[in-house]
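These notes concern the structure reproduced below.
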Amino acid sequence: MAFDLRKALEGFQPADKREKESLEKIRYLLSLSDKEDIFSRTRLAGHIVAGALVVDRKGNVLLNHHKVLDKWLHFGGHSDGEADSLNVAKREVEEESGITEYDDLGGRIVDVDVHTIPENAKKNEPEHLHYDIRFVFVVDKKDFKISDESKEIVWMPISKAKALVPPDSMPRYLDKADNIVKTLGKSK
């Protein structure tokens, strides 16, 4: 059964004001999907993207130092026309880290955020919005490979990662991942 973004967002509870505003913007964008290709980067005003934080059961996260944005981030990227955001997140994690074995936690959306991406003259892309659908994938094997999209990929404690990531929504996302890891530890 394909992932249904509208349905997945039905019960989603935002953690703060920023996330609530992002959720409203994403829902509005979804209402335009009959008229516009909201899953394509050709929609220059903004488009839906997806990704995932990769964590282990001990409270570590695999962070990606993104080459173009020069920021420590989760793995993620463009939908490229695919409406199944969970598949997009899986594809991006696999392409950017080489990780293919993980628990996607049933495809539950963990975080949403709408943020501005700066102009990229090399790609002829203007400043635009990313409507980011975010998941958490839990791994047992910590092996990875670095892709050409990254400067560096590093495992680190979630608590340390919060000091490296952009301060907008990433600390909130990491807190949610940390809570998931703690819950998994209790369920053993």
Side-chain angles (χ1 to χ4, degrees), residues 1-55 61-62 64 66 69 71 73-97 99-117 123 125-139 149 165-166 168-181 183-184:
M1 187 166 87
F3 179 84
D4 182 336
L5 182 54
R6 279 186 185 87
K7 189 168 191 151
L9 289 172
E10 283 177 4
F12 185 81
Q13 295 297 315
D16 59 24
K17 182 181 176 189
R18 179 187 171 113
E19 191 171 31
K20 182 180 181 195
E21 290 169 356
S22 292
L23 179 61
E24 289 168 3
K25 290 175 184 177
I26 290 167
R27 285 183 171 145
Y28 175 74
L29 187 64
L30 283 167
S31 76
L32 303 177
S33 66
D34 289 341
K35 299 175 223 130
E36 300 181 37
D37 190 355
I38 63 172
F39 295 96
S40 174
R41 69 174 69 201
T42 59
R43 185 179 185 279
L44 297 179
H47 36 266
I48 296 198
V49 299
L53 278 172
V54 175
V55 300
V61 61
L62 185 62
N64 168 32
H66 195 278
L69 296 175
K71 295 178 181 179
L73 300 168
H74 61 295
F75 299 99
H78 290 97
S79 300
D80 294 328
E82 183 170 357
D84 185 326
S85 295
L86 179 58
N87 275 346
V88 172
K90 289 176 179 181
R91 179 186 75 225
E92 292 296 325
V93 165
E94 292 172 15
E95 286 176 2
E96 295 176 7
S97 73
I99 294 173
T100 59
E101 294 180 34
Y102 45 78
D103 178 355
D104 67 13
L105 304 176
R108 177 172 51 107
I109 296 172
V110 173
D111 195 84
V112 297
D113 190 62
V114 178
H115 49 268
T116 303
I117 299 297
K123 291 185 177 182
E125 292 177 346
E127 179 179 276
H128 61 281
L129 295 175
H130 274 184
Y131 296 75
D132 200 358
I133 310 302
R134 298 168 165 179
F135 302 88
V136 169
F137 295 169
V138 182
V139 298
E149 295 183 41
V165 297
D168 50 11
S169 65
M170 286 296 296
R172 176 190 71 221
Y173 186 20
L174 286 163
D175 282 340
K176 290 179 179 185
D178 195 32
N179 287 335
I180 288 169
V181 169
T183 301
L184 290 173

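Just the heavy atoms: all of them, side chains too, but no hydrogens, waters or symmetry mates, feed the values below.
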field: Straight-line distance of Arg172 CZ to Asp113 CG, nearest 0.5 Å
entry: 5.5 Å
message: A side-chain contact here means heavy atoms from C-beta on lying under 4.5 Å apart; do Arg41 and His128 qualify?
response: no
task: Apply side-chain contact (heavy atoms from CB on, under 4.5 Å) to the pair Tyr131 and Leu30, showing each step before the final yes or no.
output: CA-CA 10 Å; Tyr131 296 75; Leu30 283 167; over 6 Å; no
- request: Look at Asp132 together with Arg134 and state whether they make a salt bridge at an N to O cut-off of under 4.0 Å.
  value: yes
message: Just so I know, are the side chains of Arg6 and Arg27 near enough to count as touching, which here means a heavy-atom distance under 4.5 Å?
response: no
field: Residues Thr116, Leu129; criterion side-chain contact (heavy atoms from CB on, under 4.5 Å); working and verdict
entry: CA-CA 5 Å; Thr116 303; Leu129 295 175; 3.6 Å; yes
statement: To the nearest 0.5 Å, atom CD1 of Ile26 lies from atom CD of Glu24 at 10.5 Å
- request: Taking the side chain as every heavy atom from C-beta outward, state whether Val54 and Glu96 have any atom pair closer than 4.5 Å.
  value: no
- request: Hey, could you give me the CD1/NZ distance between Ile99 and Lys90, rounded to the nearest 0.5 Å?
  value: 14.5 Å
field: Side-chain (Tyr173) to main-chain (Leu53) donor-acceptor, under 3.5 angstrom
entry: yes
- request: Could you check if a side-chain atom of Arg108 sits within less than 4.5 angstrom of a side-chain atom of Ile180, using non-hydrogen atoms only?
  value: yes
- request: Identify the heavy atoms of Pro171 and Pro166 that sit nearest to each other, and give their distance.
  value: CD-O, 3.3 Å
query: Just how far is it from atom CZ of Arg18 to atom OG of Ser169, taken to the nearest 0.5 Å?
result: 5.0 Å
- request: Decide if the gap between the ring center of Phe135 and the ring center of Phe3 is smaller than 6.0 angstrom.
  value: yes
Ser22 side chain vs Val114 backbone, donor-acceptor pair below 3.5 Å: yes
Atom of Val88, atom of Ser79 and distance for their closest heavy-atom approach: CG2-CA, 3.8 Å
message: So which atom in Val136 and which in Ala177 form the shortest heavy-atom distance, rounded to 0.1 Å?
response: CG2-CB, 4.0 Å
- prompt: In Å, rounded to the nearest 0.5 Å, how long is the span from CG of Leu5 to CD1 of Ile109?
  reply: 5.0 Å
- prompt: Between the side chain of Ser85 and the main-chain N/O of Ala50, is any donor-acceptor distance below 3.5 Å?
  reply: no
statement: dist Arg91:CZ -> Phe75:CZ (nearest 0.5 Å) comes out at 15.0 Å
Option among Asp103, Leu174, Val181 that satisfies the side-chain contact (heavy atoms from CB on, under 4.5 Å) test with Val55: Val181
Verdict with reasoning, Val112 to Leu9, per side-chain contact (heavy atoms from CB on, under 4.5 Å): CA-CA 10 Å; Val112 297; Leu9 289 172; 4.1 Å; yes
message: Are Phe39 and Asp37 packed together at the side-chain level, in the sense that at least one heavy-atom pair is separated by less than 4.5 angstrom?
response: yes
- prompt: Would Val49 and Glu92 count as a side-chain contact (heavy atoms from CB on, under 4.5 Å) if you check the C-alpha gap in whole Å, the side-chain angles of each, and the deciding distance to 0.1 Å?
  reply: CA-CA 10 Å; Val49 299; Glu92 292 296 325; over 6 Å; no
task: Output yes when a side-chain donor or acceptor of Glu19 lies under 3.5 Å from a complementary backbone atom of Ala15, and no otherwise.
output: yes
